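Working notes for the structure below.
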Amino acid sequence: MTSPRPAPPAMRFLPDAEQRAFARSLDAMLGAADTPGVIRDWSRGERAGGLALWSRIAEAGVFALAVPEAYGGLGPRPVDLAVAFVELGRHAVPGPLAETVAVAALLLDPGPAERFLPALAAGEAMATLAPEGSYAVDGDAATIRLTSAADGLRLAPGHGPVRASLDPARRLTRLAAGGELLVPDPPMDDALRWARLATAAQALGVGLALLERTVAYVGQRVQFGVPVGSFQAVKHRLADAKIALEFARPLVLGAAMTMSPADVAAAKVSACEAAYTTARTALQLHGAIGYTAEYDLSLWLTKARALRTAWGTPDECRAEVLRGRA
């Protein structure tokens, strides 16, 4: 009788000690930055606070994680980037975050890379990206505006008026057509993978923040002489949200390890749906106050909904997962 084959070592999709310290340092920095105030200023086109915060995030090395070392970066290091973007989502940082990461994946030809990537890594520039003639996130604030046209990747010469968005931290502008041709055959699939990973990690952070805020709120809100959080139905809703987020976390880190299109798409579906579910729970448990734009919770609620369809709807991402498993 043969002895059983030993089981393969388990993969642990957990940040290491250095990555956890990195996350804590970002959390502390962003926690002291009054991001709700920065978001509200950003939504009105007042960018001073947002640009200052962008520079501090860059100084911490976040954008350098998407840029190769040859061009002033530290990467590409997708796992570290995912760890960082969870914290950016936890604090609802405004600006074209995923778009800047996507552009870093596109501009790898030596000419454009030397021209643009060092500034992206250093936080001296921010980038946005959209199909030609379409709306882009924060096109009014971005210093690098790229359009994917039929003949390649072009540097948009300008942008149209700002359009209001569901998420006040995402200002939409239509990019102008034409402009300088930078890359005739850009690696759009690579840009999509990086943008989806960044979006998934952001969504996970948004969901975690919503859960933390809601747990604190129901512990303080009293009905019938007892905290709302002591009700069994409330506990069940919060437990469901917690489970969804904890299932999404290893998918996000696992996708960052493989960077396969199917894994990244699965992570985006899981994280964005978990954040959206948590947002609905948070809104219900907060009651009427959760609907008010003046209450900070709304900044995370709207972001959870916007990220759900950014860089691929749930159906598009599920189709990608099925193609990868076929």
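These figures come from a predicted structure and were not determined experimentally.
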Mind listing the closest non-hydrogen atom pair of A92 and I39 along with its distance? O-CD1, 3.0 Å
Looking at every non-hydrogen atom in both residues, tell me the closest pair between A121 and G72 and how far apart they are. CB-O, 3.7 Å
Salt-bridge criterion met for D296 and R40 (N-O under 4.0 Å): yes
Expected list for residues 274-281: side-chain donor-acceptor pairs under 3.5 angstrom, two or more places apart:
{"from": "T277", "atom 1": "OG1", "to": "E273", "atom 2": "O", "distance (Å)": "2.9"}
{"from": "T278", "atom 1": "OG1", "to": "A274", "atom 2": "O", "distance (Å)": "2.7"}
{"from": "T281", "atom 1": "OG1", "to": "R237", "atom 2": "NH2", "distance (Å)": "3.1"}
{"from": "T281", "atom 1": "OG1", "to": "T277", "atom 2": "O", "distance (Å)": "3.2"}

Measuring only between side-chain heavy atoms, which start at C-beta, is L238 closer than 4.5 Å to L285? yes
Which donor-acceptor pairs under 3.5 Å do side chains of residues 146-158 form with protein atoms, sequence neighbours excluded?
{"from": "D151", "atom 1": "OD1", "to": "R154", "atom 2": "NE", "distance (Å)": "3.2"}
{"from": "D151", "atom 1": "OD2", "to": "R154", "atom 2": "NE", "distance (Å)": "3.2"}
{"from": "D151", "atom 1": "OD2", "to": "R154", "atom 2": "NH2", "distance (Å)": "2.4"}
{"from": "R154", "atom 1": "NH1", "to": "G179", "atom 2": "O", "distance (Å)": "2.5"}

For the side chain of K268 and the backbone of A201, is there at least one donor-acceptor N/O pair under 3.5 Å apart? no
Evaluate the side-chain proximity of W194 to P78: yes if any heavy-atom separation is below 4.5 Å, no if none is. yes
With rounding to the nearest 0.5 Å, note down the distance linking OG in S43 to CZ in R171. 7.5 Å
Atom CG of L26 and atom CZ of R56: how far apart are they, to the nearest 0.5 Å? 10.5 Å
To the closest 0.5 Å, what do you measure between OG1 (T128) and CD (E99)? 5.0 Å
Can you check whether T143 reaches E124 side chain to side chain, under 4.5 Å on heavy atoms? no
Would L208 and R249 satisfy side chain to side chain contact (heavy atoms under 4.5 Å, CB included), going step by step from the backbone distance to the final call? CA-CA 10 Å; L208 292 170; R249 190 194 303 268; 3.8 Å; yes
Single-linkage hydrophobic cluster V67~V101, side-chain heavy atoms < 4.5 angstrom: no
Taking R196 for its side chain and W311 for its backbone only, find out whether a donor-acceptor pair lies under 3.5 Å. yes
Would you say that V93 contacts W54 through its side chain, given a criterion of any heavy-atom pair below 4.5 Å between the two side chains? no
Pair up each side-chain donor or acceptor in residues 317-326 with any protein partner under 3.5 Å, not counting sequence neighbours, and list the distances.
{"from": "E320", "atom 1": "OE1", "to": "R323", "atom 2": "NH2", "distance (Å)": "2.9"}
{"from": "R325", "atom 1": "NH2", "to": "D263", "atom 2": "OD1", "distance (Å)": "3.2"}

Can you name the nearest heavy-atom pair linking G123 to S55, along with the distance? O-OG, 4.3 Å
Mind checking the CD1-CG spacing from I144 to L120? Nearest 0.5 Å is all I need. 4.0 Å
Within the structure provided, determine whether F116 and V103 are in side-chain contact (heavy-atom separation under 4.5 Å). no
Is there a side-chain contact between R90 and L30, using heavy atoms and a 4.5 Å cut-off? no
Can any side-chain N or O of R145 pair as donor or acceptor with the backbone N or O of G139 at less than 3.5 Å? yes
D167 side chain vs A169 backbone, donor-acceptor pair below 3.5 Å: yes
For E87 and D27 the tightest heavy-atom approach is OE1-CB, 3.4 Å
Quick one: do L106 and V183 satisfy side chain to side chain contact (heavy atoms under 4.5 Å, CB included)? Show the steps, please. CA-CA 8 Å; L106 283 175; V183 185; over 6 Å; no
Any sub-3.5 Å donor-acceptor pair from S25's side-chain atoms to F22's backbone N or O? yes
Starting at NE2 of H286, measure out to CZ of R213 and round the result to the nearest 0.5 Å. 8.0 Å
Steps toward side chain to side chain contact (heavy atoms under 4.5 Å, CB included) verdict (I57, L53): CA-CA 6 Å; I57 292 169; L53 183 59; 4.1 Å; yes
Measure the shortest side-chain to side-chain distance between P94 and V38 over non-hydrogen atoms and say whether it is less than 4.5 angstrom. yes
Please answer whether the main-chain N or O of H91 pairs with a side-chain N or O of T35 as donor and acceptor at a distance below 3.5 Å. yes
Nearest heavy-atom contact between P96 and M126 is CD-SD, 3.6 Å
Could you measure the distance from the OG1 atom of T292 to the CG atom of L297? Nearest 0.5 Å is fine. 8.5 Å
Give the intermediate values and the outcome of side chain to side chain contact (heavy atoms under 4.5 Å, CB included) for residues W300 and V206. CA-CA 6 Å; W300 280 263; V206 168; 4.2 Å; yes
Near E18 CD, under 6.0 Å, is it more than 12 heavy atoms from other residues, nucleotides or ligands? no
Would you kindly confirm whether M259 and L65 end up in one hydrophobic cluster when ILVMFWY residues are joined by side chain heavy atoms under 4.5 Å apart? yes
Is L108 linked to L81 within one hydrophobic cluster, defined over Ile, Leu, Val, Met, Phe, Trp and Tyr using a side-chain heavy-atom separation of less than 4.5 Å? no
Cluster link F85 to L197, ILVMFWY, side chain under 4.5 Å: yes
Looking at H159 and D140, what are the two nearest heavy atoms and their distance? NE2-CA, 3.5 Å
Over 60° means perpendicular and under 30° means parallel, so classify the ring planes of Y295 and Y217, tilted if in between. perpendicular
Does V162 reach the side chain of L172, with side-chain heavy atoms less than 4.5 Å apart? no
Is there a path of hydrophobic side-chain contacts, each under 4.5 Å between heavy atoms of I/L/V/M/F/W/Y residues, joining L251 to V269? no
